[in-house]
Chemist: 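Shown below is the structure under consideration.
Quick note on labels: first sequence line is chain A, next is B, and so on, each numbered from 1.
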Amino acid sequence: MRQKWYGGDLGLQVRMFITMFLLAAVYLAFIAALFYAGADSFTVMIFAAVLLGVQYFFSDKLVLAASGAREVSPAQAPELHAMIDRLVQQADLPKPKVAVINSRVPNAFATGRSPSAAAVAVTTGLLETLDRREVEAVLAHELTHIKNRDMAVITIASFFATVAQFIMRIGFWGGFGMGNRRRNGGSIAVAYLASLLVWVISFFLIRALSRYREFAADRGAALLTGSPASLSSALVKISGTMQRIPDRDLREVEGLNAFFIIPAGVGRSIVELFSTHPSLEKRLAYLERLQREMERAGL
Amino acid sequence: MLKSLRDFFTALFGSGTGPVGSRSEPIFAITTAILTLETSFELTPTGRAWLAFRGIESGGFQEMRREIHDLLVIGARQTATKVETATDKYGYVWVVLTDPDFEDLVTTMHLASSTLEEHGFGKALLAAVFEFKHPERERVYLIYNFKRGKFYPFVPRSGHTRDNAFELRLKGVMQEELPFEQELERWYPLWDIPA
(Lines give C-alpha, C1' and ligand atoms only; values in the text may rest on other atoms or scores of the structure.)
Protein backbone atom coordinates (compact mmCIF):
# COMPACT_ATOMS: atom_id res chain seq x y z
CA MET A 1 0.00 0.00 0.00
CA ARG A 2 1.45 3.24 -1.12
CA GLN A 3 1.26 6.01 1.45
CA LYS A 4 -0.15 9.21 0.08
CA TRP A 5 1.70 12.25 1.33
CA TYR A 6 -1.17 14.31 2.58
CA GLY A 7 -1.38 18.07 2.01
CA GLY A 8 2.27 19.00 2.41
CA ASP A 9 3.22 21.66 4.86
CA LEU A 10 3.55 24.62 2.53
CA GLY A 11 4.86 26.99 5.16
CA LEU A 12 7.63 24.59 6.10
CA GLN A 13 8.60 23.94 2.50
CA VAL A 14 8.68 27.65 1.75
CA ARG A 15 10.96 28.25 4.68
CA MET A 16 13.25 25.44 3.54
CA PHE A 17 13.47 26.81 0.03
CA ILE A 18 14.17 30.31 1.25
CA THR A 19 16.96 28.99 3.46
CA MET A 20 18.50 26.99 0.63
CA PHE A 21 18.14 29.94 -1.70
CA LEU A 22 19.90 32.22 0.75
CA LEU A 23 22.66 29.66 1.16
CA ALA A 24 23.10 29.47 -2.61
CA ALA A 25 23.21 33.25 -2.85
CA VAL A 26 25.81 33.46 -0.13
CA TYR A 27 27.93 30.83 -1.84
CA LEU A 28 27.74 32.53 -5.22
CA ALA A 29 28.87 35.78 -3.67
CA PHE A 30 31.65 33.81 -2.03
CA ILE A 31 32.87 32.34 -5.32
CA ALA A 32 32.85 35.81 -6.84
CA ALA A 33 34.90 37.17 -3.98
CA LEU A 34 37.34 34.29 -4.29
CA PHE A 35 37.88 34.81 -7.97
CA TYR A 36 38.43 38.46 -7.32
CA ALA A 37 41.01 37.55 -4.74
CA GLY A 38 42.89 35.06 -6.87
CA ALA A 39 42.63 31.65 -8.37
CA ASP A 40 44.52 29.67 -5.79
CA SER A 41 41.42 29.19 -3.77
CA PHE A 42 40.37 26.94 -6.60
CA THR A 43 42.80 24.36 -5.36
CA VAL A 44 41.18 24.52 -1.99
CA MET A 45 37.79 23.89 -3.56
CA ILE A 46 39.02 20.86 -5.42
CA PHE A 47 40.52 19.56 -2.23
CA ALA A 48 37.31 20.09 -0.31
CA ALA A 49 35.27 18.51 -3.08
CA VAL A 50 37.39 15.39 -2.95
CA LEU A 51 37.09 15.26 0.80
CA LEU A 52 33.34 15.65 0.74
CA GLY A 53 33.08 13.12 -2.04
CA VAL A 54 34.84 10.57 0.12
CA GLN A 55 32.64 11.47 3.07
CA TYR A 56 29.53 11.19 0.94
CA PHE A 57 30.33 7.79 -0.45
CA PHE A 58 31.52 6.17 2.71
CA SER A 59 29.16 7.98 5.06
CA ASP A 60 27.07 5.04 6.12
CA LYS A 61 30.03 2.78 6.85
CA LEU A 62 31.90 5.55 8.65
CA VAL A 63 29.03 6.56 10.88
CA LEU A 64 28.07 3.01 11.72
CA ALA A 65 31.63 2.10 12.57
CA ALA A 66 32.15 5.22 14.65
CA SER A 67 29.01 4.64 16.68
CA GLY A 68 29.76 1.00 17.35
CA ALA A 69 26.66 -0.23 15.57
CA ARG A 70 26.36 -3.90 14.74
CA GLU A 71 24.17 -4.95 11.89
CA VAL A 72 21.42 -7.32 13.02
CA SER A 73 19.65 -9.96 10.98
CA PRO A 74 15.90 -10.66 11.08
CA ALA A 75 16.67 -13.71 13.20
CA GLN A 76 18.53 -11.61 15.75
CA ALA A 77 15.96 -8.80 15.98
CA PRO A 78 12.66 -10.09 14.57
CA GLU A 79 10.40 -7.40 15.99
CA LEU A 80 12.64 -4.57 14.87
CA HIS A 81 12.85 -5.98 11.37
CA ALA A 82 9.11 -6.57 11.25
CA MET A 83 8.43 -2.94 12.16
CA ILE A 84 10.85 -1.68 9.54
CA ASP A 85 9.40 -4.05 6.93
CA ARG A 86 5.94 -2.60 7.44
CA LEU A 87 7.18 0.97 7.42
CA VAL A 88 9.29 0.72 4.26
CA GLN A 89 6.43 -0.94 2.47
CA GLN A 90 4.18 1.97 3.35
CA ALA A 91 6.83 4.55 2.57
CA ASP A 92 7.71 2.86 -0.69
CA LEU A 93 11.39 2.66 0.21
CA PRO A 94 13.97 -0.06 -0.25
CA LYS A 95 14.77 -1.70 3.05
CA PRO A 96 17.85 -0.17 4.70
CA LYS A 97 20.45 -2.01 6.74
CA VAL A 98 19.33 -2.46 10.33
CA ALA A 99 21.81 -1.95 13.13
CA VAL A 100 21.76 -1.89 16.90
CA ILE A 101 24.09 0.06 19.18
CA ASN A 102 24.82 -1.19 22.65
CA SER A 103 24.16 1.94 24.69
CA ARG A 104 21.87 2.86 27.55
CA VAL A 105 21.25 6.30 26.08
CA PRO A 106 18.07 6.20 23.99
CA ASN A 107 18.98 7.30 20.50
CA ALA A 108 18.45 6.51 16.84
CA PHE A 109 19.78 7.75 13.54
CA ALA A 110 19.66 7.12 9.83
CA THR A 111 22.55 7.43 7.45
CA GLY A 112 23.32 6.87 3.79
CA ARG A 113 23.83 8.78 0.60
CA SER A 114 20.66 7.52 -1.01
CA PRO A 115 17.64 5.41 -0.12
CA SER A 116 19.19 2.38 -1.80
CA ALA A 117 22.35 2.61 0.28
CA ALA A 118 21.07 3.51 3.68
CA ALA A 119 21.10 2.24 7.24
CA VAL A 120 19.03 2.78 10.35
CA ALA A 121 20.49 2.33 13.80
CA VAL A 122 18.86 2.29 17.24
CA THR A 123 20.39 1.95 20.67
CA THR A 124 19.43 -0.76 23.12
CA GLY A 125 18.51 2.08 25.48
CA LEU A 126 15.87 3.25 23.03
CA LEU A 127 14.35 -0.20 22.70
CA GLU A 128 14.16 -0.48 26.48
CA THR A 129 12.78 2.99 27.19
CA LEU A 130 10.06 3.13 24.56
CA ASP A 131 7.08 0.91 23.86
CA ARG A 132 6.38 -0.62 20.44
CA ARG A 133 4.37 2.24 19.02
CA GLU A 134 6.93 4.78 20.13
CA VAL A 135 9.81 2.80 18.61
CA GLU A 136 7.81 2.60 15.41
CA ALA A 137 7.35 6.37 15.42
CA VAL A 138 11.09 6.96 15.85
CA LEU A 139 11.89 4.48 13.04
CA ALA A 140 9.38 6.26 10.82
CA HIS A 141 11.12 9.55 11.58
CA GLU A 142 14.48 8.12 10.54
CA LEU A 143 13.08 6.51 7.41
CA THR A 144 11.64 9.87 6.41
CA HIS A 145 15.13 11.33 6.68
CA ILE A 146 16.28 8.66 4.27
CA LYS A 147 13.41 9.28 1.90
CA ASN A 148 14.09 13.02 1.92
CA ARG A 149 17.80 12.35 1.33
CA ASP A 150 18.58 14.68 4.18
CA MET A 151 22.15 13.50 4.57
CA ALA A 152 22.94 14.39 0.97
CA VAL A 153 21.20 17.74 1.25
CA ILE A 154 23.07 18.79 4.36
CA THR A 155 26.38 17.52 3.00
CA ILE A 156 26.00 19.51 -0.20
CA ALA A 157 24.78 22.52 1.72
CA SER A 158 27.86 22.27 3.88
CA PHE A 159 30.23 22.08 0.94
CA PHE A 160 30.96 25.74 0.51
CA ALA A 161 30.89 26.30 4.22
CA THR A 162 33.62 23.69 4.47
CA VAL A 163 35.60 25.42 1.74
CA ALA A 164 35.21 28.70 3.56
CA GLN A 165 36.45 27.07 6.73
CA PHE A 166 39.54 25.74 5.00
CA ILE A 167 40.33 29.11 3.48
CA MET A 168 39.91 30.78 6.81
CA ARG A 169 42.33 28.40 8.43
CA ILE A 170 44.90 28.71 5.68
CA GLY A 171 44.49 32.47 5.52
CA PHE A 172 44.88 32.73 9.27
CA TRP A 173 48.21 31.06 9.16
CA GLY A 174 49.25 33.65 6.63
CA GLY A 175 49.82 31.43 3.67
CA PHE A 176 48.23 30.96 0.38
CA GLY A 177 51.78 30.25 -0.55
CA MET A 178 52.13 28.61 -3.92
CA GLY A 179 54.70 31.27 -4.74
CA ASN A 180 52.26 33.71 -6.21
CA ARG A 181 54.22 36.80 -5.39
CA ARG A 182 52.24 39.11 -7.59
CA ARG A 183 49.23 38.93 -5.34
CA ASN A 184 49.17 41.64 -2.74
CA GLY A 185 48.04 41.40 0.84
CA GLY A 186 44.78 43.13 0.01
CA SER A 187 43.29 40.32 -2.00
CA ILE A 188 44.32 37.75 0.56
CA ALA A 189 42.50 39.80 3.13
CA VAL A 190 39.43 39.90 0.89
CA ALA A 191 39.49 36.14 0.50
CA TYR A 192 39.88 35.71 4.20
CA LEU A 193 37.10 38.12 5.11
CA ALA A 194 34.80 36.64 2.51
CA SER A 195 35.45 33.21 3.96
CA LEU A 196 34.77 34.41 7.47
CA LEU A 197 31.50 36.00 6.46
CA VAL A 198 30.41 32.99 4.45
CA TRP A 199 31.24 30.65 7.25
CA VAL A 200 29.32 32.64 9.86
CA ILE A 201 26.22 33.16 7.73
CA SER A 202 26.14 29.63 6.40
CA PHE A 203 26.61 28.29 9.92
CA PHE A 204 23.27 29.67 10.96
CA LEU A 205 21.56 28.97 7.64
CA ILE A 206 22.65 25.34 7.65
CA ARG A 207 21.39 24.92 11.16
CA ALA A 208 18.08 26.50 10.23
CA LEU A 209 17.83 24.18 7.24
CA SER A 210 18.61 21.24 9.46
CA ARG A 211 15.85 22.21 11.88
CA TYR A 212 13.29 22.54 9.08
CA ARG A 213 14.22 19.11 7.84
CA GLU A 214 13.69 17.76 11.35
CA PHE A 215 10.15 19.11 11.28
CA ALA A 216 9.67 17.50 7.90
CA ALA A 217 10.89 14.19 9.30
CA ASP A 218 8.49 14.53 12.24
CA ARG A 219 5.67 15.15 9.81
CA GLY A 220 6.61 12.15 7.72
CA ALA A 221 6.71 9.97 10.79
CA ALA A 222 3.30 11.17 11.94
CA LEU A 223 1.77 10.44 8.54
CA LEU A 224 3.46 7.07 8.18
CA THR A 225 2.33 5.81 11.56
CA GLY A 226 -0.96 7.72 11.61
CA SER A 227 -0.16 8.67 15.19
CA PRO A 228 1.56 11.98 15.92
CA ALA A 229 1.01 11.35 19.63
CA SER A 230 3.24 8.25 19.54
CA LEU A 231 6.14 10.32 18.25
CA SER A 232 5.35 13.02 20.81
CA SER A 233 5.52 10.63 23.71
CA ALA A 234 8.69 9.05 22.29
CA LEU A 235 10.32 12.48 22.06
CA VAL A 236 9.28 13.33 25.60
CA LYS A 237 10.80 10.10 26.91
CA ILE A 238 14.03 10.51 24.96
CA SER A 239 14.50 14.17 25.74
CA GLY A 240 15.63 13.58 29.28
CA THR A 241 14.41 13.90 32.80
CA MET A 242 13.68 17.62 32.84
CA GLN A 243 10.82 17.52 30.41
CA ARG A 244 9.47 14.08 31.02
CA ILE A 245 6.00 13.16 32.09
CA PRO A 246 6.75 12.16 35.67
CA ASP A 247 6.43 8.81 37.31
CA ARG A 248 6.65 9.93 40.94
CA ASP A 249 3.40 10.18 42.81
CA LEU A 250 2.00 13.67 43.36
CA ARG A 251 1.85 13.07 47.11
CA GLU A 252 5.59 12.45 47.22
CA VAL A 253 6.52 15.70 45.55
CA GLU A 254 3.77 17.91 46.86
CA GLY A 255 5.99 19.75 49.28
CA LEU A 256 8.47 20.59 46.56
CA ASN A 257 5.91 22.47 44.53
CA ALA A 258 6.47 25.40 46.82
CA PHE A 259 9.94 25.88 45.41
CA PHE A 260 9.98 27.75 42.15
CA ILE A 261 12.85 27.37 39.78
CA ILE A 262 13.42 30.08 37.23
CA PRO A 263 12.43 28.54 33.92
CA ALA A 264 15.19 28.53 31.34
CA GLY A 265 12.93 30.40 28.96
CA VAL A 266 15.15 33.28 27.97
CA GLY A 267 18.24 31.24 27.20
CA ARG A 268 16.33 28.79 25.08
CA SER A 269 15.70 30.89 22.00
CA ILE A 270 19.37 31.82 21.81
CA VAL A 271 20.40 28.20 22.24
CA GLU A 272 18.05 27.20 19.47
CA LEU A 273 19.83 29.37 16.88
CA PHE A 274 22.86 27.16 17.34
CA SER A 275 20.96 23.92 17.38
CA THR A 276 20.50 21.46 14.56
CA HIS A 277 17.24 20.28 16.11
CA PRO A 278 14.19 22.35 17.01
CA SER A 279 13.35 22.51 20.70
CA LEU A 280 11.16 19.83 22.20
CA GLU A 281 8.30 22.28 22.79
CA LYS A 282 8.26 23.34 19.16
CA ARG A 283 8.31 19.77 17.96
CA LEU A 284 5.49 18.81 20.31
CA ALA A 285 3.45 21.84 19.28
CA TYR A 286 3.97 20.95 15.63
CA LEU A 287 2.85 17.38 16.21
CA GLU A 288 -0.19 18.60 18.11
CA ARG A 289 -1.16 20.72 15.13
CA LEU A 290 -0.71 17.72 12.87
CA GLN A 291 -3.00 15.69 15.09
CA ARG A 292 -5.73 18.30 14.72
CA GLU A 293 -5.24 18.44 10.94
CA MET A 294 -5.46 14.69 10.71
CA GLU A 295 -8.62 14.54 12.75
CA ARG A 296 -10.20 17.17 10.55
CA ALA A 297 -9.15 15.33 7.40
CA GLY A 298 -10.77 12.24 8.86
CA LEU A 299 -7.59 10.18 8.73
CA MET B 1 7.18 38.00 33.46
CA LEU B 2 6.01 39.56 36.71
CA LYS B 3 5.34 36.14 38.15
CA SER B 4 8.82 34.82 37.42
CA LEU B 5 10.26 37.92 39.04
CA ARG B 6 8.17 37.24 42.13
CA ASP B 7 9.21 33.62 42.03
CA PHE B 8 12.83 34.68 41.78
CA PHE B 9 12.62 36.77 44.91
CA THR B 10 10.70 34.06 46.67
CA ALA B 11 13.54 31.69 45.90
CA LEU B 12 16.20 34.26 46.75
CA PHE B 13 14.85 35.15 50.15
CA GLY B 14 13.73 31.62 50.96
CA SER B 15 10.25 32.86 51.68
CA GLY B 16 8.71 30.02 49.70
CA THR B 17 7.84 28.07 52.80
CA GLY B 18 4.74 26.01 53.16
CA PRO B 19 2.26 24.88 50.56
CA VAL B 20 0.75 27.20 48.01
CA GLY B 21 -2.87 28.37 48.11
CA SER B 22 -5.61 26.77 46.08
CA ARG B 23 -8.12 27.51 43.36
CA SER B 24 -11.47 25.79 43.22
CA GLU B 25 -13.51 27.68 40.65
CA PRO B 26 -11.92 26.41 37.43
CA ILE B 27 -13.07 22.92 38.31
CA PHE B 28 -16.51 23.59 36.88
CA ALA B 29 -15.07 23.72 33.38
CA ILE B 30 -15.15 19.95 33.28
CA THR B 31 -18.94 19.79 33.26
CA THR B 32 -19.07 21.16 29.72
CA ALA B 33 -15.87 19.44 28.66
CA ILE B 34 -17.36 15.95 28.95
CA LEU B 35 -19.13 16.50 25.65
CA THR B 36 -15.84 16.72 23.79
CA LEU B 37 -14.43 13.85 25.82
CA GLU B 38 -17.27 11.71 24.58
CA THR B 39 -17.24 12.73 20.93
CA SER B 40 -13.48 12.92 20.40
CA PHE B 41 -12.28 10.15 22.70
CA GLU B 42 -15.29 7.94 23.47
CA LEU B 43 -14.81 8.61 27.17
CA THR B 44 -17.75 8.56 29.55
CA PRO B 45 -17.70 9.40 33.26
CA THR B 46 -17.89 6.39 35.53
CA GLY B 47 -19.69 8.50 38.12
CA ARG B 48 -16.76 8.41 40.53
CA ALA B 49 -14.53 11.20 41.68
CA TRP B 50 -12.10 11.76 44.53
CA LEU B 51 -10.93 14.73 46.50
CA ALA B 52 -7.51 14.35 48.08
CA PHE B 53 -6.16 16.60 50.78
CA ARG B 54 -3.31 16.46 53.23
CA GLY B 55 -4.20 15.23 56.66
CA ILE B 56 -3.11 17.71 59.30
CA GLU B 57 -2.66 16.65 62.86
CA SER B 58 -4.57 19.31 64.69
CA GLY B 59 -7.77 19.40 66.64
CA GLY B 60 -9.11 22.09 64.38
CA PHE B 61 -8.49 19.97 61.32
CA GLN B 62 -10.11 16.85 62.74
CA GLU B 63 -13.13 18.90 63.70
CA MET B 64 -13.28 20.37 60.22
CA ARG B 65 -12.92 16.98 58.70
CA ARG B 66 -15.96 15.78 60.56
CA GLU B 67 -17.82 18.89 59.61
CA ILE B 68 -16.99 18.34 55.97
CA HIS B 69 -18.14 14.79 56.09
CA ASP B 70 -21.42 15.79 57.71
CA LEU B 71 -21.87 18.73 55.36
CA LEU B 72 -21.22 16.61 52.34
CA VAL B 73 -23.55 13.90 53.48
CA ILE B 74 -26.30 16.45 53.95
CA GLY B 75 -25.58 18.32 50.77
CA ALA B 76 -25.15 15.07 48.96
CA ARG B 77 -28.60 13.98 49.96
CA GLN B 78 -30.00 16.65 47.71
CA THR B 79 -27.96 15.44 44.81
CA ALA B 80 -27.97 11.82 45.90
CA THR B 81 -24.21 11.66 45.89
CA LYS B 82 -22.59 8.88 47.87
CA VAL B 83 -19.81 10.07 50.17
CA GLU B 84 -17.06 7.99 51.76
CA THR B 85 -13.69 8.85 53.24
CA ALA B 86 -10.44 6.98 53.41
CA THR B 87 -6.82 7.66 54.29
CA ASP B 88 -3.74 6.45 52.45
CA LYS B 89 -0.19 5.55 53.36
CA TYR B 90 1.05 9.07 52.64
CA GLY B 91 -1.28 10.54 55.23
CA TYR B 92 -3.72 12.00 52.74
CA VAL B 93 -7.47 11.95 53.21
CA TRP B 94 -9.57 10.88 50.25
CA VAL B 95 -13.22 11.78 49.93
CA VAL B 96 -14.77 9.32 47.52
CA LEU B 97 -17.81 10.65 45.69
CA THR B 98 -20.16 8.54 43.62
CA ASP B 99 -22.94 10.02 41.52
CA PRO B 100 -24.28 8.97 38.11
CA ASP B 101 -25.14 12.60 37.36
CA PHE B 102 -21.87 14.23 36.40
CA GLU B 103 -22.94 17.78 37.09
CA ASP B 104 -24.03 16.84 40.61
CA LEU B 105 -20.71 15.08 41.09
CA VAL B 106 -18.76 18.20 40.16
CA THR B 107 -21.01 20.36 42.33
CA THR B 108 -20.43 18.16 45.36
CA MET B 109 -16.71 18.13 44.61
CA HIS B 110 -16.67 21.89 44.55
CA LEU B 111 -18.70 22.01 47.75
CA ALA B 112 -16.09 19.86 49.46
CA SER B 113 -13.09 21.81 48.26
CA SER B 114 -14.57 25.23 48.90
CA THR B 115 -15.57 24.17 52.42
CA LEU B 116 -11.94 23.32 53.11
CA GLU B 117 -10.92 26.67 51.69
CA GLU B 118 -13.46 28.58 53.79
CA HIS B 119 -12.07 26.98 56.89
CA GLY B 120 -8.60 28.08 55.95
CA PHE B 121 -7.41 24.65 54.89
CA GLY B 122 -7.20 25.48 51.22
CA LYS B 123 -3.49 24.83 51.36
CA ALA B 124 -4.11 21.24 52.33
CA LEU B 125 -5.98 20.57 49.11
CA LEU B 126 -4.03 18.35 46.76
CA ALA B 127 -6.16 17.27 43.84
CA ALA B 128 -9.54 16.30 42.50
CA VAL B 129 -9.66 13.18 40.35
CA PHE B 130 -12.39 12.38 37.83
CA GLU B 131 -12.70 8.89 36.43
CA PHE B 132 -13.68 7.95 32.89
CA LYS B 133 -14.17 4.73 31.04
CA HIS B 134 -13.42 3.82 27.45
CA PRO B 135 -14.93 0.94 25.47
CA GLU B 136 -11.50 -0.63 24.95
CA ARG B 137 -8.97 0.96 27.29
CA GLU B 138 -8.45 0.76 31.00
CA ARG B 139 -9.51 3.65 33.15
CA VAL B 140 -8.70 7.24 32.20
CA TYR B 141 -8.37 9.96 34.83
CA LEU B 142 -8.45 13.72 34.66
CA ILE B 143 -6.62 15.17 37.62
CA TYR B 144 -7.27 18.70 38.76
CA ASN B 145 -4.38 20.29 40.64
CA PHE B 146 -5.73 22.90 43.07
CA LYS B 147 -2.45 24.72 43.44
CA ARG B 148 -1.98 25.25 39.72
CA GLY B 149 -5.70 25.51 38.91
CA LYS B 150 -5.17 23.21 35.94
CA PHE B 151 -6.24 19.83 34.65
CA TYR B 152 -3.99 17.12 33.30
CA PRO B 153 -4.57 13.55 32.13
CA PHE B 154 -3.48 10.36 33.83
CA VAL B 155 -3.87 7.08 31.99
CA PRO B 156 -2.27 4.31 34.04
CA ARG B 157 -1.48 0.94 32.58
CA SER B 158 -0.59 -2.31 34.25
CA GLY B 159 2.94 -2.48 35.53
CA HIS B 160 3.12 1.04 36.94
CA THR B 161 3.33 2.70 33.51
CA ARG B 162 1.37 5.40 31.74
CA ASP B 163 -0.03 5.64 28.26
CA ASN B 164 1.79 8.87 27.44
CA ALA B 165 0.68 8.89 23.83
CA PHE B 166 -2.99 8.91 24.78
CA GLU B 167 -2.33 11.51 27.47
CA LEU B 168 -0.71 13.78 24.91
CA ARG B 169 -3.62 13.26 22.55
CA LEU B 170 -5.98 14.29 25.32
CA LYS B 171 -3.91 17.39 25.92
CA GLY B 172 -4.04 18.34 22.27
CA VAL B 173 -7.81 18.50 22.22
CA MET B 174 -8.85 19.21 25.81
CA GLN B 175 -6.55 22.18 26.31
CA GLU B 176 -9.05 24.17 24.28
CA GLU B 177 -11.84 23.35 26.70
CA LEU B 178 -10.20 23.15 30.10
CA PRO B 179 -7.56 25.14 31.92
CA PHE B 180 -4.83 22.67 31.06
CA GLU B 181 -1.40 22.04 32.55
CA GLN B 182 1.06 22.86 29.79
CA GLU B 183 4.20 21.81 31.61
CA LEU B 184 4.51 18.06 31.14
CA GLU B 185 6.84 17.66 34.07
CA ARG B 186 3.98 18.64 36.37
CA TRP B 187 1.72 15.80 35.28
CA TYR B 188 2.32 13.91 38.50
CA PRO B 189 0.49 10.60 38.68
CA LEU B 190 -1.61 9.37 41.60
CA TRP B 191 -1.04 5.69 41.92
CA ASP B 192 -3.38 3.50 43.94
CA ILE B 193 -6.42 5.74 44.10
CA PRO B 194 -8.62 4.19 46.80
CA ALA B 195 -11.40 2.09 45.36
Chemist: Among all residues two or more places apart in sequence or in another chain, which pass the salt bridge (Lys or Arg N to Asp or Glu O under 4.0 Å) test with D131(A)?
Modeler: R157(B)

Chemist: Less than 6.0 Å separating the ring centroids of Y152(B) and F154(B)?
Modeler: no

Chemist: Check whether H81(A) reaches the backbone of V72(A) with its side chain - one donor and one acceptor, N or O, closer than 3.5 Å.
Modeler: yes

Chemist: Donor-acceptor pair, distance only, cut-off 3.5 Å: does the side chain of Y286(A) make one with the backbone of R219(A)?
Modeler: no

Chemist: Got more than 12 heavy atoms from elsewhere within 6.0 Å of CZ, R133(A)?
Modeler: no

Chemist: Please classify the contact of L231(A) with chain B as side chain, backbone, both or neither, using a heavy-atom distance under 4.5 Å.
Modeler: neither

Chemist: With a 4.5 Å limit on heavy-atom distance, are the side chains of F180(B) and K150(B) in contact?
Modeler: no

Chemist: Using modelled atom types and a 3.5 Å cut-off, is there a donor and acceptor pairing between side-chain atoms of S233(A) and backbone atoms of S230(A)?
Modeler: yes

Chemist: Might you confirm whether atom CD of Q182(B) has over 12 heavy atoms from other residues, nucleotides or ligands at distances under 6.0 Å?
Modeler: yes

Chemist: For a quick test of reading the model, state the closest non-hydrogen atom pair linking T111(A) to M151(A) and the distance between them.
Modeler: OG1-SD, 3.4 Å

Chemist: Give the ring-plane orientation class for F130(B) versus F151(B), where under 30° counts as parallel, over 60° as perpendicular and anything between as tilted.
Modeler: tilted

Chemist: Kindly say whether I206(A) contributes a backbone atom to a donor-acceptor pair with the side chain of S210(A) at under 3.5 angstrom?
Modeler: no

Chemist: So, R213(A) side chain and N148(A) main chain: donor-acceptor pair closer than 3.5 Å or not?
Modeler: yes

Chemist: With a 4.5 angstrom heavy-atom cut-off, is it the side chain or the backbone of A127(B) that approaches chain A, or both, or neither?
Modeler: side chain

Chemist: Let me know if D88(B) has heavy atoms under 4.5 Å from chain A in its side chain, its backbone, both or neither.
Modeler: side chain

Chemist: Using a cut-off of under 4.5 Å for heavy-atom pairs, which of P189(B), S40(B), G91(B) has the most such pairs with chain A?
Modeler: P189(B)

Chemist: Does anything in residues 166-176 of chain B get under 4.5 Å of chain A by heavy atoms, and if so which residues?
Modeler: E167(B), L168(B), R169(B), K171(B), G172(B), V173(B), Q175(B), E176(B)

Chemist: Can a donor-acceptor pair be found, under 3.5 Å and without considering hydrogens, that links the side chain of E181(B) to the backbone of E183(B)?
Modeler: yes

Chemist: For the pair D249(A) (side chain) and W191(B) (backbone), establish whether a donor and an acceptor sit closer than 3.5 Å, ignoring hydrogens and angles.
Modeler: yes

Chemist: Is there a donor-acceptor pair under 3.5 Å between the side chain of K147(B) and the backbone N or O of K123(B)?
Modeler: yes

Chemist: Which residues in residues 133-141 of chain B have any heavy atom closer than 4.5 Å to a heavy atom of chain A?
Modeler: none

Chemist: Could you tell me which residues in residues 24-38 of chain B have at least one non-hydrogen atom under 4.5 Å from a non-hydrogen atom of chain A, sorted by residue number?
Modeler: none

